[in-house]
Amino acid sequence: MMEWSIHPSAQQEHDEWIEYFGGIDEELAIAFELRYLENRHRICSNPELHRVRRGKTRRVNLHPRFGEYYIAYMIWREKIVILAIAHAKRRPYYWSKRISESKKLF
């Protein structure tokens, strides 16, 4: 199991999505959190499972219920760095500047 870190902006996104879904229905927020945690565990267990995308980043969609949302991550210095928890149809790759920021942070 690889160690992981999360970019501060990705943590903020995570918290905002939980708050957003919680405003709709508490069970929906819990379901989103569980899907996030399951996928984070899967990433840490097998980080190369998901294909490389732009800039050596990888992405995993939060299927099935939250398939429009994804975790963007990279492997940096033998650690998983979560770059974003994003919606697939909003501003693609808006988080790409976090790649260089993360290399300095982690």
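Positions are given from 1, in the same order as the sequence printed here. Excluded from the calculations below are hydrogen atoms, water molecules and symmetry mates; all remaining heavy atoms, backbone and side chain alike, are included.
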Participant: State the CD1-CZ distance between Ile71 and Arg40, to the nearest 0.5 angstrom.
Facilitator: 8.0 Å
Participant: Roughly how far, to the nearest 0.5 Å, is CZ of Phe106 from CD1 of Ile6?
Facilitator: 8.5 Å
Participant: Tell me whether Arg35 contacts the main-chain N or O of His63 through its side chain, where contact means a donor paired with an acceptor under 3.5 Å.
Facilitator: yes
Participant: Answer yes if the ring centres of Tyr20 and Phe32 are under 6.0 angstrom apart, and no otherwise.
Facilitator: no
Participant: Measure from the side-chain N and O atoms of Glu13 to the backbone N and O of Ile85, and report whether any donor-acceptor pair falls under 3.5 Å.
Facilitator: yes
Participant: Measuring from atom CZ of Arg54 to atom OG of Ser96, what distance do you get when rounded to the nearest 0.5 angstrom?
Facilitator: 6.5 Å
Participant: Just by distance, do the side chain of Asn61 and the backbone of Gly67 share a donor-acceptor pair under 3.5 Å?
Facilitator: yes
Participant: For Tyr36, which residues count as a ring pair (Phe, Tyr, Trp, His ring centres under 6.0 Å) partner, sequence neighbours excluded?
Facilitator: His14
Participant: Looking at every heavy atom in both Tyr94 and Ala84, which two are closest together, and how far apart are they?
Facilitator: OH-CB, 4.1 Å
Participant: Taking atom OH of Tyr73 and atom SG of Cys44, what is their separation to the nearest 0.5 Å?
Facilitator: 9.0 Å
Participant: If you round to the nearest 0.5 Å, how far is NE2 of His50 from OG1 of Thr57?
Facilitator: 12.5 Å
Participant: Examine Tyr70 and Trp4 and state if one hydrophobic cluster contains both, with Ile, Leu, Val, Met, Phe, Trp and Tyr joined whenever side-chain heavy atoms are less than 4.5 Å apart.
Facilitator: no
Participant: From Ile80 CD1 over to Arg77 CZ, what is the distance, rounded to the nearest 0.5 angstrom?
Facilitator: 15.0 Å
Participant: Among residues at least two apart in sequence or on other chains, which ones pass salt bridge (charged side-chain N to carboxylate O under 4.0 Å, His left out) with Lys103?
Facilitator: none
Participant: Who passes side chain to side chain contact (heavy atoms under 4.5 Å, CB included) against Lys104, sequence neighbours left out?
Facilitator: none
Participant: Tell me, please, which residues at least two apart from Lys97 pass side chain to side chain contact (heavy atoms under 4.5 Å, CB included).
Facilitator: Glu101
Participant: Tell me if a side-chain donor or acceptor on Arg53 pairs with a main-chain N or O of Arg58 at a distance below 3.5 Å.
Facilitator: no
Participant: Determine whether Gln12 and Pro8 make a side-chain contact, defined as any pair of heavy atoms from C-beta on separated by less than 4.5 Å.
Facilitator: no
Participant: Should Ile75 and Lys56 count as side-chain neighbours, where that means a heavy-atom distance under 4.5 Å?
Facilitator: no
Participant: Are any side-chain N or O atoms of Arg98 and backbone N or O atoms of Leu83, one a donor and one an acceptor, separated by less than 3.5 Å?
Facilitator: yes
Participant: List the residues meeting side chain to side chain contact (heavy atoms under 4.5 Å, CB included) with Leu28, not counting sequence neighbours, and say none if there are none.
Facilitator: Phe21, Ile24, Asp25, Arg65, Phe66
Participant: Quick one: side chain to side chain contact (heavy atoms under 4.5 Å, CB included) partners of Arg90, sequence neighbours excluded?
Facilitator: Trp17, His87
